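Written out below as structure tokens is the structure these notes cover.
Remember, it's a predicted structure, so these values are computed and weren't measured experimentally.
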Amino acid sequence: MSAPSEPLALLPGGARSLRPRFRRRFPRIHRSALWRRLFHWRQLDFEFASWQMLYLLVSPQRVYRNIYYHKQTKNQWARDDPAFLILQLLGLVITTASYSIVYGSGTNGFLKALLQLLVVNYLVSGVVLATLTWLVANRFLRHQNVHATDQQVEWMYAFDVHCNAFFTLFVLAYVLQFCFLPILMKTAWVSLFLGNTLFALAGAAYAFTTYLGFHAMPFLHHQEVFLYTIPLIAIAYLLSLFGFNISHHLLDFYF
């Protein structure tokens, strides 16, 4: 298998200065096809992005099989089409607006909640988590085979994995929670149980989808480390059933 092209791949070190080394380790996203297509809407494939969103919920393994084929044909793991990202951001805006209408938080409340959900929860947290998983995968999970071509995880692919995982979390913790608001807004124990269960499933889905994303890369091993957070989520979930209503606390914080 040939090595990925330089603009979107992480090439081995050996640069003589910090600036070339930085460029080697981080993709030149300003030159990538993804950013070029962002300004040519007719080239965006929203139908395929919608297909990916559907199968992330019903059969995420199929999505990552398709990504593997994408690697074979375009010689890169990361997406070269921002349609998925655009739909995801649009979904966050619509969902935040829906919550704001229900809670009557007004324009200022909507903008405050949108800033928190879009910038902090999605983008900033995504950059942090993508960087963390990217570092772990490249430093500890790569096969050390002197007879094979050296391959590394692209940072943009790690961010794609976050976007995929966040979508499953978004549907469970944001969309389904909105559908069950009449029950979740009550103070009965069933509201605590339902809300906390949705958040626990959302966290587990995020971890599982992240695992699948790195499991699709044949030059990595021991990807099950990305599943180690699921037992911690289960323990936190069981403890929360003794009186900590996650939905109430988060909704009070946002709206």
Side-chain angles (χ1 to χ4, degrees), residues 38 41 44 46 49-50 52-54 56-58 82-132 159-210 229 232-255:
L38 181 62
W41 284 78
L44 301 179
F46 289 105
S50 301
Q52 285 188 316
M53 288 180 169
L54 173 63
L56 280 171
L57 299 176
V58 299
F84 187 95
L85 178 65
I86 293 172
L87 290 180
Q88 203 163 35
L89 296 178
L90 182 62
L92 277 170
V93 173
I94 294 174
T95 304
T96 306
S98 301
Y99 276 99
S100 299
I101 293 172
V102 170
Y103 278 86
S105 55
T107 303
N108 290 337
F110 163 73
L111 293 176
K112 177 185 174 182
L114 183 63
L115 181 67
Q116 176 69 33
L117 292 172
L118 188 61
V119 177
V120 179
N121 291 14
Y122 180 63
L123 294 177
V124 175
S125 298
V127 169
V128 172
L129 291 171
T131 302
L132 180 62
F159 187 76
D160 281 347
V161 171
H162 158 73
C163 292
N164 294 341
F166 186 89
F167 177 73
T168 59
L169 181 147
F170 167 75
V171 171
L172 290 168
Y174 293 82
V175 178
L176 283 184
Q177 179 179 240
F178 183 81
C179 297
F180 289 108
L181 270 184
I183 299 175
L184 297 177
M185 292 174 69
K186 297 180 180 179
T187 57
W189 188 83
V190 65
S191 125
L192 180 149
F193 173 76
L194 179 59
N196 291 10
T197 300
L198 286 177
F199 276 98
L201 291 175
Y206 185 98
F208 182 67
T209 309
T210 300
T229 55
L232 299 178
I233 293 172
I235 294 173
Y237 165 68
L238 293 175
L239 292 176
S240 71
L241 295 180
F242 288 96
F244 185 81
N245 193 314
I246 300 175
S247 293
H248 284 187
H249 283 81
L250 288 180
L251 290 173
D252 289 343
F253 174 75
Y254 291 134
F255 305 100

Quiz item: Shortest non-hydrogen contact from Met53 to Gln88?
Solution: CE-N, 3.7 Å
Quiz item: Roughly how far, to the nearest 0.5 Å, is the SG atom of Cys163 from the CG atom of Leu87?
Solution: 12.0 Å
Self-check item: From CG (Leu176) to CZ (Phe199), nearest 0.5 Å
Solution: 11.0 Å
Exercise. Quick one: pull up OG1 in Thr131 and CZ in Phe159 and give me the separation to the nearest 0.5 Å.
Key: 9.5 Å
Quiz item: To the nearest 0.5 Å, how far apart are CG in Leu198 and CG in Leu169?
Solution: 11.0 Å
Exercise. Heavy atoms only: give me the nearest Ala204-Ile233 pair and the separation to one decimal.
Key: N-CD1, 3.7 Å
Quiz item: Which pair of heavy atoms, one from Ile183 and one from Leu194, lies closest together, and at what distance?
Solution: CG2-CD2, 4.1 Å
Self-check item: Note, Phe46 side chain near Ile86 side chain (heavy atom, < 4.5 Å)
Solution: yes
Quiz item: Hey, are the side chains of Leu181 and Leu251 touching, using non-hydrogen atoms and a 4.5 Å cut-off?
Solution: yes
Quiz item: Do the non-hydrogen side-chain atoms of Phe166 and Leu129 ever get within less than 4.5 Å of each other?
Solution: no
Listed pairs under 3.5 Å, donor-acceptor, residues 234-248 side chains, sequence neighbours left out:
from: Tyr237; atom 1: OH; to: Thr197; atom 2: OG1; distance (Å): 2.7
from: Ser240; atom 1: OG; to: Asn196; atom 2: ND2; distance (Å): 2.9
from: Ser240; atom 1: OG; to: Tyr237; atom 2: O; distance (Å): 2.6
from: Asn245; atom 1: OD1; to: Ser247; atom 2: N; distance (Å): 3.2
from: Asn245; atom 1: OD1; to: His248; atom 2: N; distance (Å): 3.1
from: Asn245; atom 1: ND2; to: Ser191; atom 2: OG; distance (Å): 3.4
from: Ser247; atom 1: OG; to: Gln177; atom 2: OE1; distance (Å): 2.9
from: His248; atom 1: NE2; to: Leu184; atom 2: O; distance (Å): 2.6
from: His248; atom 1: NE2; to: Lys186; atom 2: O; distance (Å): 3.1

Exercise. Could you walk me through whether Tyr206 and His162 pass the side-chain hydrogen bond (donor to acceptor under 3.5 Å, both in side chains) test, one step at a time?
Key: CA-CA 8 Å; Tyr206 185 98; His162 158 73; 2.7 Å; yes
Quiz item: Do you know which of Leu118, Val120, Val119 makes side chain to side chain contact (heavy atoms under 4.5 Å, CB included) with Gln116?
Solution: Val120
Quiz item: Do Tyr122 and Leu85 come close enough that some side-chain heavy atom pair is under 4.5 Å?
Solution: yes
Quiz item: Is there a side-chain contact between Phe84 and Phe167, using heavy atoms and a 4.5 Å cut-off?
Solution: yes
Quiz item: Is Thr168 reaching over with its side chain to a backbone N or O of Ala165, donor-acceptor style, under 3.5 angstrom?
Solution: yes
Quiz item: How far does CG of Leu117 sit from CZ of Phe170, to the nearest 0.5 angstrom?
Solution: 9.0 Å
Exercise. Please determine which of Tyr99, Phe178, Phe110 meets the ring pair (Phe, Tyr, Trp, His ring centres under 6.0 Å) test together with Phe255.
Key: Tyr99
